[in-house]
Amino acid sequence: MKALITFKYTDEEFRTLKELGYEIIFQDEKDLTFSDDMKDAEVLVCFDPFKKLDIDMLPKLKWIQLLSAGINQVPVDKVLKRNIILTNNRGGYSIPIAEWIVLKTLEMYKNSWEFYKKQENKEWKVDTSLFEIYGETIGFVGTGSIAQEAAKRFEGFGVNIVGVNATGKKAEYFHECYSTDRLNEVVSKWDVLVVAAPYTDKTHYLINEEVFKNMKDGAYLINIARGSIIDEKALIENLKSGKIRKAALDVFEVEPLPKDSPLWDMDNVIISPHNSWASEMNAKRRYEIAYKNMKKYVNSEKLINIIDIKKGY
């Protein structure tokens with residue numbers, strides 16, 4: 001069985017994948033060009049080779065293992081038409097992103113950014129305007145693996161953890177869960193809104209002016225999902241007015257964030273360059289998910305992290 005891999009694993013990792021019974025073809029995505037030896041590939045393990053590789057050139061392709069959590073880069077129509085199995089790296093980035101969510105919540109409540117600026121200026125000035133997160137309500141839009149890892153870490157802070165998801169199904173570590181169609185109702189009780197939902201047609205601009213209008217005055221916002229889940233223009237206006245006290249934004253509608261974006265100059269915004277996923281453990285987890293699923297596939301077992309393409313997650 002032939003597998004095309006476009007991510008550079010270590011020699012030892014490639015060896016263990018071959019021992020599963022695969023003939024491995026490797027080409028780095030950065031320099032990817034089609035070659036005849038790819039034609040018989042049944043498996044594709046990748047991030048985003050699709051701008052350089054037309055999967056119609058792989059007539060035997062049956063399964064794509066993404067090393068990303070998102071699937072926006074995938075040629076969905078072709079995958080659906082050919083009934084290709086699609087799996088992702090769900091959970092692979094959950095721990096570092098969960099830690100990031102807790103970090104940014106505390107940074108905003110404890111005015112950390114202001115202290116960093118004082119340190120740069122060698123300024124000794126006490127700030128008594130700090131807040132506790134104890135007793136606050138942390139609300140998550142999306143209750144998947146990232147949100148659950150974050151909720152687990154928030155438990156020790158004595159906060160109320162609430163989530164919304166498509167159906168209102170219960171999620172581990174959440175005290176309450178509601179369906180997304182109740183967002184405008186429940187968001188009024190949240191002190192922090194964390195966007196952790198997958199990006200789909202249904203979640204495009206899910207956080208819009210109506211949601212902001214229903215939020216608490218002076219609430220906080222964190223986005224680690226996708227920029228276009230939030231109406232960025234509406235967010236900017238609500239940051240200016242103080243309706244949103246502070247925001248920690250790791251993702252944006254346009255990336256890199258344009259230099260003329262007003263978000264850069266706002267004192268109540270913490271900006272990071274789509275960086276919350278980064279961890280020294282990422283490479284290990286990318287290998288582990290590929291190994292686990294490639295072993296299942298060669299043994300005709302059900303794969304993990306199968307994507308429902310029509311839903312987008």
- Salt-bridged, K78 to D54, with N to O below 4.0 Å? yes
- Trace of the side chain to side chain contact (heavy atoms under 4.5 Å, CB included) decision for T200 with Y313: CA-CA 8 Å; T200 67; Y313 55 90; 4.2 Å; yes
- Could you name each residue pair satisfying side-chain hydrogen bond (donor to acceptor under 3.5 Å, both in side chains) that touches residues 182-191, not counting sequence neighbours? R182-E185, N184-N214, D191-K216
- Message: Between F26 and F7, is the side chain to side chain contact (heavy atoms under 4.5 Å, CB included) condition met? List the steps.
- Response: CA-CA 8 Å; F26 168 70; F7 174 77; 5.7 Å; no
- Message: Would a single hydrophobic cluster contain both M57 and L32, if residues Ile, Leu, Val, Met, Phe, Trp and Tyr are joined by side-chain heavy-atom contacts under 4.5 Å?
- Response: yes
- Query: More than 12 non-hydrogen atoms from neighbouring residues, nucleotides or ligands closer than 6.0 Å to NZ on K118, yes or no?
  - Reply: yes
- Item | Salt-bridge contact K104-E107 (side-chain N to carboxylate O under 4.0 Å) | yes
- Message: Atom NZ of residue position K295 - does it have more than 12 heavy atoms of other residues, nucleotides or ligands inside 6.0 Å?
- Response: no
- Message: Test side chain to side chain donor-acceptor pair (under 3.5 Å) on E42 and Y22; report intermediate values, then the result.
- Response: CA-CA 10 Å; E42 187 173 323; Y22 290 93; over 6 Å; no
- Message: Let me confirm one number: the CD1-CG distance from I5 to L67, rounded to the nearest 0.5 Å.
- Response: 8.5 Å
- Message: Check E209 with K213, please: is the shortest side-chain N to carboxylate O separation under 4.0 Å?
- Response: no
- Query: Looking only at heavy atoms, which two atoms of C46 and T6 are closest? And how far apart?
  - Reply: CB-OG1, 3.1 Å
- Verify side chain to side chain contact (heavy atoms under 4.5 Å, CB included) between L53 and F34, making sure each step is shown before the conclusion. CA-CA 7 Å; L53 178 67; F34 179 78; 3.9 Å; yes
- Intermediate values then yes/no, side chain to side chain contact (heavy atoms under 4.5 Å, CB included), I97 and S276: CA-CA 5 Å; I97 296 176; S276 60; 3.7 Å; yes
Can you give the donor-acceptor pairs under 3.5 Å from side chains of residues 217-227 to other protein atoms, not counting sequence neighbours?
| residue | atom | partner | partner atom | Å |
| --- | --- | --- | --- | --- |
| D217 | OD1 | K243 | NZ | 2.7 |
| Y220 | OH | R245 | NE | 3.3 |
| N223 | OD1 | A225 | N | 3.0 |
| N223 | ND2 | R226 | O | 3.2 |

- Between S272 and D250: side-chain donor-acceptor atoms closer than 3.5 Å: yes
- Any idea how Y287 and Y291 line up, ring-wise: parallel (<30°), tilted (30 to 60°), or perpendicular (>60°)? tilted
- Task: Check the side chains of T87 and Q65 for a donor-acceptor pair under 3.5 angstrom, ignoring hydrogens and angles.
- Result: yes
- Does any donor atom in the side chain of N111 or S129 lie under 3.5 Å from an acceptor atom in the other side chain? yes
- Message: Taking K152 first and then E149, would you say they form a salt bridge - that is, a charged N and a carboxylate O separated by under 4.0 Å?
- Response: yes
- Taking atom types as modelled and ignoring hydrogens, do the side chains of E114 and Y116 form a donor-acceptor contact shorter than 3.5 angstrom? no
- Query: Is a side-chain donor-acceptor pair under 3.5 Å present for S68 with Q73?
  - Reply: yes
- Message: Can you confirm if the NZ or CZ of K122 lies within 45° of the ring axis of W124 and under 6.0 Å from the centre of its six-membered ring?
- Response: no
- State plainly whether the residues K60 and D40 are in salt-bridge range, i.e. N to O under 4.0 Å. yes
- Between E237 and K233, is there a salt bridge with N-O shorter than 4.0 Å? no
- Message: With salt bridge (Lys or Arg N to Asp or Glu O under 4.0 Å) as the criterion, how do R82 and D56 come out once you've worked through the C-alpha distance, each side chain's angles and the decisive distance to 0.1 Å?
- Response: CA-CA 9 Å; R82 294 176 52 186; D56 283 342; 3.7 Å; yes
